[in-house]
Undergrad: 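Below you will find the structure I want to go over with you.
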Amino acid sequence: MRDGAEPRDFIREIVAADVAAGKNGGAVVTRFPPEPNGYLHIGHAKAICLDFRVANEFGGHCNLRFDDTNPVKEDVEYVDSIKDDVRWLGFEWDDREYYASDYYEQLYGFAVRLIEKGLAYVDSLNADEIRAHRGTLTEPGKESPFRARPIAENLDLFARMRAGEFPDGAHVLRAKIDMRAPNITMRDPVLYRIRHAHHHRTGGTWCIYPMYDFAHPLSDAIEGVTHSFCTLEYVDHRPLYDWIITHCGTPATPRQYEFARLNLNYTIMSKRKLLQLVEQKHVGGWDDPRMPTISGMRRRGYTAEAIREFCTRVGIAKKENIIDIGLLEHCVREDLNRRAPRAMAVLRPLKLVLTNYPEGHSEQLEMVNHPDQPDAGRRRVPFSREIYIERDDFLEDPPKKFFRLAPGREVRLRSAYLVTCTEVVKNAAGELVELRGTYDPATRGGDAPDGRKVKATLHWVSASHAVDAEVRLYERLFTVEDPDGAAAKASAELTTLLNPASLEVVTGGKVEPSLGTPAAGARYQFERLGYFAADRDSRDGMPVFNRTVSLKDGFKSGTP
RNA sequence: UGGGGCGUGGCCAAGCGGUAAGGCGCCGGCCUUUGGAGCCGGUAUUCGAAGGUUCGAAUCCUUCCGCCCCAACCA
């Protein structure tokens, strides 16, 4: 299924029904509301696809709104990266780039209105006391002694909170709802807290900041959002969302709907924990190719199309899920197979000397850039007497199912010649040093005129023409399927479950000359190995490639 | 022990009272100058469990079981 052929999920059914019923005048406005406190990950991609595509499918639009209500955790670095990532994923928000912080003045006004209606009060209990009064899961909470504060006093105190007369934590503004509510979210939730902190956009103009539960529904209303999608952990907050909308008397009445967040096995999706990996240098940064971040995947060579396709295949539902990372990799292979030009690269070179090939001679062989797409064209690749083949493609004493090169065996060098291994050269220690063999001049291009067949086709690169390359091989970041769960169960540090083999740097790689100075981010299929993307660390004379994903390998080594 | 959400094959996921879509994975076969790709075929007598309603239930009712979320002045 390609982009555009969207499946019907419960969210789209709701929206379709609303549109059919003429709700909101038939308009559909959504929003993607990231908090700029970290980089976007694949879980956000699912939300982004939902938000933008639903709006698109119903002729509406999606706003990009930064939920920047907590200055101590947020930073412009994050808003920049978020914009880059959303754009890279292929979505546009035109001029609808909004910030909750742009609404601070309006939000303040709504808070005052709530106080005037006797629906909010300034509480002077400290954080510990508020927690103690909140009750527990099974016991109701107790009302704060400040709950009955007169409206005029609340108004005065709230104004002075804003004016900066009090230190952090001295007071807080709370909604007056129900301390006995079984839904803890409704037990007089905090609406505003004092934070003498620098905000990345408003600087020092404010020292009180609205809480998510207050700012979010109102921001939605201010923007005319009709359908506000969020993840399941906010289900309990929906009554509060509706309470805020109702009592603040906003003209628009956005509605919140919740879906299950995306989880992937062998990785984690918590921004807090990803930040920890970055800060403790367990990875190279937010865009380390092993990270489940959009920027990490981009650097690794994943395409936006593949990620979007993955998001549609994963679906939208309310069931908790842990998606197999294999599905993501499948989507990446599927897209790259179509678009990546083929190239020759040998990761662990083993020299093969063709003794009957004229010394000092070389020739240019034609190769197709893509076996299924003639339009991709052809290129010329040098061939000579000494070539490198993959170390893994030779076995002196091969098992039954191994049909690559072995002593006395003939195989094909892709688009070149049929060659036969005639001699195994070892050093004093008995280690394999190089191979000698012969080629059949009549098989130029790879086909034998007499019609004889070979079982294997190997990739290769001419030794004297090869370019050295560094190749970075990636494996899953964690050793266990559910790192969070496993760490909690064993009460161990999450970092103890990191896969020590998640990054292997191969420095002795040899690639064909055309790969000498690849364009930044250029993606190739290294034949028989996998898909690789040129990394920004590439230098002149030493290109660096990230293995995006390996090819599926039909040969199962070891016992079946 | 309170409130809420959810339980369909290994992982996702359709299904909305008429007799279990699809994808990934897996297993066969074909084809192949990538053990890639592609192409064919197979893979739940059963929908967390037990009762009930009905000619007929994954779909309706009842009870039970299991998993997840909530007690930040985080989002």
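Numbers restart at 1 for each chain; the letters A, B, ... are given by sequence-line order, proteins then strands.
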Undergrad: Taking only residues two or more places apart in sequence, or in another chain, which ones meet A:Asp128 in a salt bridge (Lys or Arg N to Asp or Glu O under 4.0 Å)?
TA: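 A:Asp128: salt bridge (Lys or Arg N to Asp or Glu O under 4.0 Å) contacts with A:Arg131.
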Undergrad: If you assign each of A:Pro371 and A:Tyr212 to its closest nucleotide in RNA chain B, which residue comes earlier from the 5' end?
TA: A:Pro371
Undergrad: Using a 3.5 Å limit on both pairing distances, list the dot-bracket string of RNA chain B from the 5' end; Watson-Crick and G-U wobble pairs count, crossing pairs take [ ], interstrand pairs take |.
TA: .(((((((.[[[..)..(...]]]((((((.......))))))....[[[[[..)....]]]]])))))).....
Undergrad: Taking side-chain hydrogen bond (donor to acceptor under 3.5 Å, both in side chains) as the criterion, tell me which of A:Lys271, A:Lys73, A:Arg272 meets it with A:Asn37.
TA: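 With A:Asn37 as partner, side-chain hydrogen bond (donor to acceptor under 3.5 Å, both in side chains) holds for just one option, A:Lys271.
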Undergrad: Have a look at A:Ala127 and say if it touches a base, only the backbone sugar-phosphate, or nothing, with a 4.0 Å heavy-atom cut-off.
TA: base
Undergrad: Students often get this wrong, so: under 4.0 angstrom with heavy atoms, is A:Asn337 touching a base, only sugar-phosphate, or nothing?
TA: base
Undergrad: Please list, for nucleotides 8-11 of chain B, all pairs of protein and nucleotide N/O atoms separated by less than 3.5 Å.
TA:
| unit_1 | atom_1 | unit_2 | atom_2 | d |
| --- | --- | --- | --- | --- |
| B:U8 | OP2 | A:Lys319 | NZ | 3.1 |
| B:C11 | O3' | A:Ile322 | O | 3.2 |
| B:C11 | O2' | A:Ile322 | O | 3.0 |

Undergrad: Side chains of residues 315-325 of chain A: which donor-acceptor pairs under 3.5 Å do they make with residues two or more places apart or in other chains?
TA:
| unit_1 | atom_1 | unit_2 | atom_2 | d |
| --- | --- | --- | --- | --- |
| A:Asn321 | ND2 | A:Arg261 | O | 3.3 |
| A:Asn321 | ND2 | A:Lys319 | O | 3.2 |
| A:Asp324 | OD1 | A:Gly326 | N | 2.8 |

Undergrad: Restricting to side-chain contact (heavy atoms from CB on, under 4.5 Å), what partner residues turn up for A:Val549, sequence neighbours left out?
TA: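 Here the qualifying residues are A:Glu329, A:Val332, A:Arg333, A:Tyr531.
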Undergrad: Please enumerate all residues that pass ring-ring contact (aromatic ring centres under 6.0 Å, His included) together with A:Tyr99, with sequence neighbours excluded.
TA: A:Phe66
Undergrad: Would you tell me if any nitrogen or oxygen in the side chain of A:Arg195 comes within less than 4.0 Å of OP1 or OP2 on B:C74?
TA: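 Yes, A:Arg195 has a side-chain N/O under 4.0 Å of OP1/OP2 on B:C74.
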Undergrad: Can you measure A:Asp482 atom CG to B:C68 atom C1' for me and round it to whole angstrom units?
TA: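 Distance check: A:Asp482 CG to B:C68 C1' gives 12 Å.
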Undergrad: Reckon A:Arg131 has a side-chain N or O less than 4.0 Å from the OP1 or OP2 of B:A72?
TA: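 Yes, such a contact exists.
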Undergrad: Please check the phosphate of B:A75 (OP1 and OP2 only) for any side-chain N or O of A:Lys271 closer than 4.0 Å.
TA: no
